[in-house]
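Here's the structure we're looking at; comments come further down.
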Amino acid sequence: MDLRSLLQRAYEPPEPAAEFQTALLTELKAQAGTRRRARRRMRLYAFGTVTALAASLLIAVALIPLRVEPPAAPILPVLLGASNTGQAAIEASQATEPSPTTAPWQGKVEGAPVRVLYPDREWADATGSLAVDKALSLRAVQGQTGVEIAPGVRLVMDKGSNVDFDNGVLSVKNGLVSLRVFDRDRPVEMRLPLHTLLVAPGSWLGVDMKPAENYAPGGSPAPEVTLLAGRASVKDAQSQGTLLPGRVYELHRYPNLENLPAERLGEDDLNRNPKWVQPTLVNFQIGK
Amino acid sequence: MRLVSDEVRREDRELRSGLLKGDEAEVERFYDKYFARLYRYVYYRVGRDHHNTEEVVHDTFLEALEKIGRYDPDRGTIEAWLVTVSRNRIRSSNALMGRAHAREMSWSMLEGELDTIFADLDQVNLQEAALESEELKHVVGLAMGSLPGEYSKLLEMKYVLDLSTRDMARALKKTEKSVESKLTRARAAFRQVFATLAADAGLLPA
């Protein structure tokens, strides 16, 4: 008895129903779509969270002519009588209004010293340090001219500075920094031009690392960050790790966020705005 | 444990990566590559019932897709992993149906290392009537369903569809020599599995 006889006479392969096959494949594709969307949302959230950190560093350092001060104690108008009411009001106003400055930003906050570099110029070091906390978020205070970046610490806009702060949007003219703040607990989303950020040794910087091919059609070099010294943590949707000294990292960002709705970026937004997937390179160097 | 070629391992890694990204084309490739094999494997283990088979296959594919991140290419092929995933589903289905496992081999014998039980089918004196028996059909189907998809496909093409080696090579986009070589291995694999199953079913001396 040979194999041919055996199989031809005793083998009856099952025949799956065509409807079942079609339905199963459809369901598998739907599940894949769900996974794809979930991954994208996770990347966007991580992206937004990390940009909040970068934004806080940029703003706190020499990028904008800002002055950082502890929250002012409530200023009570000095009532010297009806004739002095107007003067008291002016004094109160002046007391809460920061002094204008046109010098490169120098401020003092808690944390590690930061310095911002641009391809064509260098800002002076901050005289203090910036508190960097991965849970940090920025809160827009409607109607006020400052943003709280840490408990008891606010960034105050200086008169005449190259900064607008309007309705929860902090933007710097000339396209240096644009920052939109939604609410206290949500990450800040920001736009960064090509620049270099230095963070002092010992500071912590969360960097969102994603494969370049997720953003740049045709592929790009993988993200890199240079560590001159110091330590930083890296998180992305696929892996966590520590940035290594000596390597150069580039961070790819979405540009053009000024038309963002108040809620977090969603897949529909990306689909409507394909230019958002064009990468903007941000070089990060961790060092002194 | 079967040795896995580098090419197969690479293909499985790529497929895993695509499935993790939720790539629809990769999902379709995953389905096309393993559906028939899985269906056949399950069918003979759930009493040759299409309804039960559909349930198990459906649940297995969905579970595999959900947990594809746990698949480790260094530990075996996606095919083997998929079959492993299906086993729990099969057990549950059989338990639900109160089906005895009398006809089902110890999976460790089927799927693991088949040792020395080997019967040369040419020397087996199967009664003519036995060829028509449901028992034998079940064992043959079980054996075919237990083989790796590539092997059972080759045997079907050669012995059920009666294709020539040349036609098979053309259809599979392989050389005739490659097809012959694989066919030899497929035959040997079938003999081993069938002999084991048939002995267990009492159709052959153990």
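Since the model is a prediction, treat every value here as computed from it, not as a measurement.
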Next item on the list: Give, as side chain, backbone, both or neither, the part of A:Glu15 having an atom under 4.5 angstrom from any heavy atom of chain B.
Entry: backbone
Next item on the list: May I ask you to decide if A:Leu6's main-chain N or O and B:Tyr159's side chain share a donor-acceptor pair within less than 3.5 Å?
Entry: no
Notebook entry, point to check: Between B:Asp162 and A:Arg4, is a side-chain contact (heavy atoms from CB on, under 4.5 Å) present by the stated rule, with each step listed?
Noted result: CA-CA 9 Å; B:Asp162 261 331; A:Arg4 172 175 272 103; 3.0 Å; yes
Note to self: Rounded at 0.5 Å granularity, tell me how far CD in A:Glu27 sits from CZ in B:Phe61.
What the structure shows: 12.0 Å
Next item on the list: Report yes if some heavy atom in the side chain of A:Pro16 is under 4.5 Å from a heavy atom in the side chain of B:Tyr43; otherwise report no.
Entry: no
Margin query: Using side-chain heavy atoms (C-beta onward) and a distance below 4.5 Å, is B:Met144 in contact with A:Pro13?
Written below: no
Next item on the list: Please round to the nearest 0.5 Å and tell me the distance separating atom CG of A:Leu28 and atom CD of B:Glu26.
Entry: 13.5 Å
Check: Is the closest side-chain donor-acceptor distance between B:Glu156 and A:Tyr11 under 3.5 Å?
Finding: yes
Check: In Å, rounded to the nearest 0.5 Å, how long is the span from CG of A:Leu3 to NZ of B:Lys158?
Finding: 11.0 Å
Next item on the list: Flag the pair A:Phe20 / B:His50 as yes when at least one side-chain heavy-atom distance between them is below 4.5 Å, and no otherwise.
Entry: no
Check: Should A:Glu12 and B:Arg48 count as an ion pair when the cut-off is N to O under 4.0 Å?
Finding: yes
Check: side-chain contact (heavy atoms from CB on, under 4.5 Å) between A:Gln21 and B:Tyr39: does it pass, once the steps are laid out?
Finding: CA-CA 10 Å; A:Gln21 296 186 63; B:Tyr39 198 95; over 6 Å; no
Check: Can you tell me how far CD of A:Gln31 sits from CD of B:Glu24, rounded to the nearest 0.5 angstrom?
Finding: 12.0 Å
Item checked: chain A contact via B:Leu20 - side chain, backbone, both or neither, heavy atoms under 4.5 Å -> both
Item checked: Ion pair check, B:Asp23 and A:Arg36, cut-off under 4.0 Å -> no
Next item on the list: Write down the atom of B:Leu65, the atom of A:Arg35, and the distance for their closest heavy-atom approach.
Entry: O-NH1, 2.7 Å
Notebook entry, point to check: What are the two closest heavy atoms between B:Val27 and A:Ala32, and how far apart are they?
Noted result: CG2-CB, 3.4 Å
Next item on the list: Give the member of B:Glu54, B:Arg40, B:His58 that has the highest number of heavy-atom pairs under 4.5 Å with chain A.
Entry: B:Glu54
